[in-house]
Amino acid sequence: MSFRSHFCGTLSQSDDGLKVSLAGWVDVRRDLGGVIFIELRDHTGKLQLVADPQINPQVYKVFETLKAEYCIKIQGIIKNRPAGTENPDLRTGAVEIYPESVEILNKSKTLPLPLKDFEDTDELFRLKYRFLDLRRDSMQKNIRFRHKITQAIRDYLVAKDFLEIETPILTKSTPEGARDYLVPSRMQKGKFFALPQSPQLFKQLLMISGFEKYFQVARCFRDEDLRADRQPEFTQIDIEMSFINIEDIISNTEGIFENIFKVIGKNVKLPFQRMDYDTAMNLYGKDAPDLRFDMKLIDFTDIMETSGFESFSKIVSKNGIVKGLCVPTKDWSRKEYDDLKNLVTTKEYGAKGLAWITYKENNEIASPIAKFFSEEELSKIKTRANAKEGDSIFFVADKKEIVHNALGRLRLHLGEKLNLIDKNKDEFVWIVNWPLFEKDHISGKLNVMHHPFTSPDMKDLHLLDTEPVKVRALAYDIVYNGVELGGGSIRTYREDIQKKVLQLLNIEDEEIENRFGFLLQALSLGAPPHGGIALGLDRLVMMLAKETSLRQVIAFPKVQSSSCPLTEAPSEVDSEQLEELALKISLPNPS
RNA sequence: GGACUGGUAGUUCAAUGGUUAGAGCAUCGCCCUGUCACGGCGAAAGUUGCGGGUUCGAGUCCCGUCCGGUCCGCCA
């Protein structure tokens, strides 16, 4: 006799009279004295059971002992509820069952935490009892939603003849810039595997092997500090293709998003817009601009250069810039201005100050700095910003990086504060034409902006020796509502160029050989032109589920200290295990 | 590594430095035949994260420490 013939959430009026057996959990018990209602829950939903002592005293007796989260099995006949007692809020609210039999499969002790979404619970506590927490409607919904999106991606790629291929988890450190998680080798004492930060080199090798279209739902590991949108292990939809150019990758990726949105019942407009990296930085102060609202950064550098306001003109003469935001500030209090100023001058924003000009009625101006400007300059500023009555322009003057960072953040802050962001919008943008390198502002050394296997734009090849900072990369990021969802590039497939890039990164020839010898050799053996992209699945699901933390879309996530409250990993290990691995623990002295 | 913030009953929260630290939910008991976040009456439930200090008196103030969260640094 099987446990169940049907599932709770799927039953409706059309099943009236149907004999069913069901199994699941007691979601809630409502004991009215003479009659007991129970909502039985399984993975499809909930169904009301009724016990009446006059109809079935045995069942009623068992129902009296049932408590929340008991695991039970029942048999009975689906009946339409008496007129007037239907519950329109419940999917199965038109029907109910008077069980003919009930069996307790397993009892449950009193729950350590509430499982109702309307009751807040400390997240640490939820994670400690994650197996219970996942019974919540909201968590069930999120995890199932995640599956649906993953499947939409798989379906699309498989239909396009992509091959799902697994790559090693025990591998060698690939240089993505993050710290590696290390695994000691027992067979070769003193040596370590690294967990992959991404399958980058393997997928390139698969292209060289001739598979031409690869994807993987790949777990990646990076030993860095966590954020609400960053976990130490996360999942990437990793994709690589041969004999393609940027357009192929972009249209393929757009196809994936089109399919995801179709599956979740939304529309998305293709193709996505594209924006140069420089444009994104200049207009939005970020490489991942939120295009759900306008408010662009306005450049006043040229006006300030010759103005009588020395604080600004001095900065411009030292290669700094002056930019601003034009903001509707009607009815703002003095405190709101000060709060903004305080915000911008925090360490995070890094600006030295915030100046403003406010345009009041009758062409009046309120501003701590207006007196330094001529009539002509003031009018130029107003025209440039297209400022209207009730607007203020907020200025930041400094080095380019600081101005962009401060105003980029301020823009997002104001977007929230002034409610300018339409949360129902889906704004995708490709950020293209990235620089291949950036100069480390402390050491002056070159760093790659993407990763070292990104191909330079062939048009800029001649600049590699002379002005490497000006070399553009064949790289692209996909940005959704101001969040980077993924990125990729066309790879370098010529050995000489790859070697050159590695040398420019100040890596010794010997180290190049040690770490990338196998790649360089592979490139020299008929490597096809290839490229790909990696999409952050966790982040994508988080965004589409309108959640603000990855922990809400990962079944068993880690907390900020990279530990798992449920299993209490990481933990100490037996001394025998350490000995076998020839490891000794030497903790730093607490000082 | 740093900034901010939180830690009080099983749980979510409350409590000007001043009686015996309170309330909702959950639990337990009694009552209740159409509830659906059922309702009513009652009970039990506390090392105020931990360790120091100030004070006549500390959940409250100070110092240290542990843990969670958000962010900066860090992170293709």
Side-chain angles (χ1 to χ4, degrees), chain A residues 27-40 46-55 60 67-69 81-90 92-93 96 98 109-129 132 137 174-180 196-201 220-232 234 236 238 287 343 346-350 405 409 434 438 442 447-454 473 475-477 484 486-489 491 532-536 548-549 551 558-561 563 565 568 590:
Chain A
D27 196 70
V28 65
R29 186 175 78 125
R30 291 182 288 271
D31 185 346
L32 271 64
V35 63
I36 299 173
F37 297 98
I38 285 204
E39 270 178 51
L40 183 66
K46 297 166 189 174
L47 179 74
Q48 177 163 282
L49 312 177
V50 200
D52 186 323
Q54 270 144 36
I55 291 173
Y60 183 81
K67 288 169 197 169
E69 299 304 314
R81 289 197 193 182
T85 66
E86 302 91 346
N87 179 5
D89 296 331
L90 191 66
T92 61
E96 62 190 8
Y98 286 83
K109 290 181 182 167
T110 301
L111 297 176
L113 76 169
L115 301 185
K116 302 294 162 200
D117 279 315
F118 55 86
E119 288 186 73
D120 269 351
T121 306
D122 178 64
E123 210 181 333
L124 179 62
F125 213 75
R126 288 176 50 194
L127 292 177
K128 195 168 169 175
Y129 295 97
L132 283 180
D137 289 342
T174 60
E176 316 254 341
R179 290 184 191 88
D180 284 317
Q197 294 180 26
S198 81
Q200 182 59 37
L201 291 180
C220 307
F221 306 85
R222 290 177 194 169
D223 186 6
E224 295 294 343
D225 288 5
L226 276 61
R227 292 286 187 280
D229 62 351
R230 261 163 47 189
Q231 284 271 314
F234 57 99
Q236 282 189 348
D238 198 44
D287 59 11
L343 187 72
T346 53
K347 217 170 114 189
E348 284 105 289
Y349 283 65
N405 180 42
R409 283 160 178 271
W434 293 70
E438 63 181 342
I442 300 161
N447 280 331
V448 270
M449 287 202 75
H450 208 72
H451 58 58
F453 318 111
T454 298
Y476 31 82
D477 267 12
E484 180 212 316
S489 63
R491 324 300 182 189
I533 192 166
L535 305 171
T548 52
S549 157
R551 294 184 298 274
K558 303 220 172 2
V559 295
Q560 204 160 24
S561 56
S563 53
E568 294 186 318

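Throughout, a chain's letter reflects where its sequence line sits, starting with A, and its residues are numbered from 1.
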Sub-3.5 Å donor-acceptor pair from the side chain of A:Y98 to the main-chain atoms of A:A51, do we have one? no

May I ask you to evaluate whether A:S563 reaches the phosphate of B:rG68, defined as a side-chain N or O under 4.0 Å from OP1 or OP2? yes

How would you label the contact of A:Q231 with the nucleic acid (heavy atoms, under 4.0 Å): base, sugar-phosphate, or nothing? nothing

Need one value for A:V448: base, sugar-phosphate or nothing, where a base atom within 4.0 Å counts as base even if backbone is also close, heavy atoms only. nothing

Out of the candidates A:R30, A:K46, A:Q48, A:R29, only one should pair with A:E39 under the side-chain hydrogen bond (donor to acceptor under 3.5 Å, both in side chains) rule; please name it. A:R30

Need one value for A:T548: base, sugar-phosphate or nothing, where a base atom within 4.0 Å counts as base even if backbone is also close, heavy atoms only. nothing

Gap in Å between the two P atoms, one belonging to B:rU47 and one to B:rG10, rounded: 7 Å

So does A:V559 get a backbone contact from the side chain of A:R551, meaning a donor-acceptor N/O pair under 3.5 Å? no

Please state how far atom CG in A:L40 lies from atom P in B:rU35, giving the value in whole angstrom units. 21 Å

Residue A:N87, side-chain atoms from C-beta onward, closest of B:rU35, B:rA26, B:rC36: B:rC36

Kindly point out which of B:rG34, B:rU70, B:rG68 is positioned nearest to the side chain of A:R551? B:rU70

Span that lies between the C1' atom of B:rG51 and that of B:rC13, in whole angstrom: 27 Å

Between A:R179 and A:G93, which is nearer to the 5' end of RNA chain B once each is assigned its nearest nucleotide? A:G93

Determine the interatomic distance between P on B:rC63 and the same-named atom on B:rG6; round to the nearest Å. 14 Å

Kindly point out which of B:rU35, B:rU70, B:rG1 is positioned nearest to the side chain of A:D225? B:rG1

B:rA23 and B:rA45: how far apart are their C1' atoms, nearest whole angstrom? 14 Å

Need to verify one output field. Residue with the more 5' nearest nucleotide on RNA chain B, A:S549 or A:G487? A:S549

Is A:K67 near enough to B:rA26 that one of its side-chain N or O atoms lies under 4.0 angstrom from OP1 or OP2? no

Students often get this wrong, so: under 4.0 angstrom with heavy atoms, is A:E69 touching a base, only sugar-phosphate, or nothing? nothing

Of all the nucleotides listed (B:rU12, B:rG34, B:rG69), which has the minimum atom distance to the side chain of A:Q560? B:rG69

A:D52 near the nucleic acid: base, sugar-phosphate alone, or nothing, with a heavy-atom cut-off under 4.0 Å? base

A:A178 side chain, from C-beta outward: closest of B:rC75, B:rC74, B:rG34: B:rC75

In this structure, how many angstroms lie between the C1' atom of B:rU70 and the OH atom of A:Y349, rounded? 13 Å

Between atom NZ in A:K128 and atom P in B:rG69, what is the gap in whole Å? 14 Å

To the nearest Å, how far apart are A:F125 CZ and B:rG49 P? 15 Å

Let me know the distance between NZ of A:K116 and C1' of B:rC38, rounded to the nearest Å. 14 Å

Closest approach to the side chain of A:T121, judged atom by atom: which nucleotide of B:rU12, B:rG68, B:rG2 is it? B:rU12

Is the backbone of A:E348 close enough, under 3.5 Å, to the side chain of A:N405 for a donor and an acceptor to pair up by distance? yes

Taking the P atom of each, how far is B:rC31 from B:rG46, in whole Å? 28 Å

Does the side chain of A:D477 reach to within under 4.5 Å of the side chain of A:D287, using non-hydrogen atoms? no

Paired with B:rC56: which nucleotide, if any, by Watson-Crick or G-U wobble criteria at under 3.5 Å for both distances? B:rG18

Tell me which nucleotide among B:rC72, B:rC32, B:rC36 gets nearest to the side chain of A:D31. B:rC32

Could a donor-acceptor pair under 3.5 angstrom be found where the side chain of A:R30 meets the base of B:rU33? no

Does any N or O donor sit under 3.5 Å from an N or O acceptor when you compare the side chain of A:E348 with the base of B:rG2? no

Distance col, row A:E96:CD vs A:I38:CD1, nearest 0.5 angstrom, shows 13.0 Å

When both hydrogen-bonding distances must be under 3.5 Å and the geometry is Watson-Crick or G-U wobble, what is B:rA37 paired with, if anything? none

May I ask you to verify whether the side chain of A:R222 and the base of B:rC74 hold a donor-acceptor pair under 3.5 Å? no

Provide the Watson-Crick or G-U wobble partner of B:rC4, both distances under 3.5 Å; none if there is no partner. B:rG69

Can you tell me how far C1' in B:rC61 sits from the matching atom in B:rC67, rounded to whole Å? 23 Å

To the nearest 0.5 Å, how far apart are OG1 in A:T110 and NZ in A:K67? 6.5 Å

Could you tell me whether A:R409 contacts a base, only the sugar-phosphate backbone, or nothing, with contacts defined as non-hydrogen atoms closer than 4.0 Å? sugar-phosphate

Could you check which of B:rG68, B:rC36, B:rG73 has an atom nearest any side-chain atom of A:R230? B:rG73

A:D27 bridged to A:K116 by N-O distance under 4.0 Å: yes

Return the value, rounded to whole Å, for the distance between atom CG of A:L115 and atom P of B:rC25. 17 Å

Side chains of A:T121 and A:P114: closer than 4.5 Å at any heavy-atom pair? yes

A:E224, nearest nucleotide to its side chain (from B:rU70, B:rC74, B:rC67): B:rC74

Students often get this wrong, so: under 4.0 angstrom with heavy atoms, is A:L32 touching a base, only sugar-phosphate, or nothing? base

Inter-nucleotide P distance (B:rA21, B:rC41), Å rounded: 25 Å

Could you tell me the Watson-Crick or G-U partner of B:rU27, where both distances fall under 3.5 Å? Say none if there is no partner. B:rA43

OP1 or OP2 of B:rG68 versus the side-chain N and O atoms of A:S561: is any pair under 4.0 Å? yes

What nucleotide, of B:rG73, B:rG34, B:rU70, holds the atom closest to the side chain of A:R227? B:rG73

note: A:L113, atom CG; B:rA9, atom P; distance rounded to Å ~ 15 Å

How many Å lie between CG on A:L124 and P on B:rC66, as a whole number? 16 Å

If you measure from the P atom in B:rG29 to the same atom in B:rG69, how many Å do you get, rounded? 37 Å

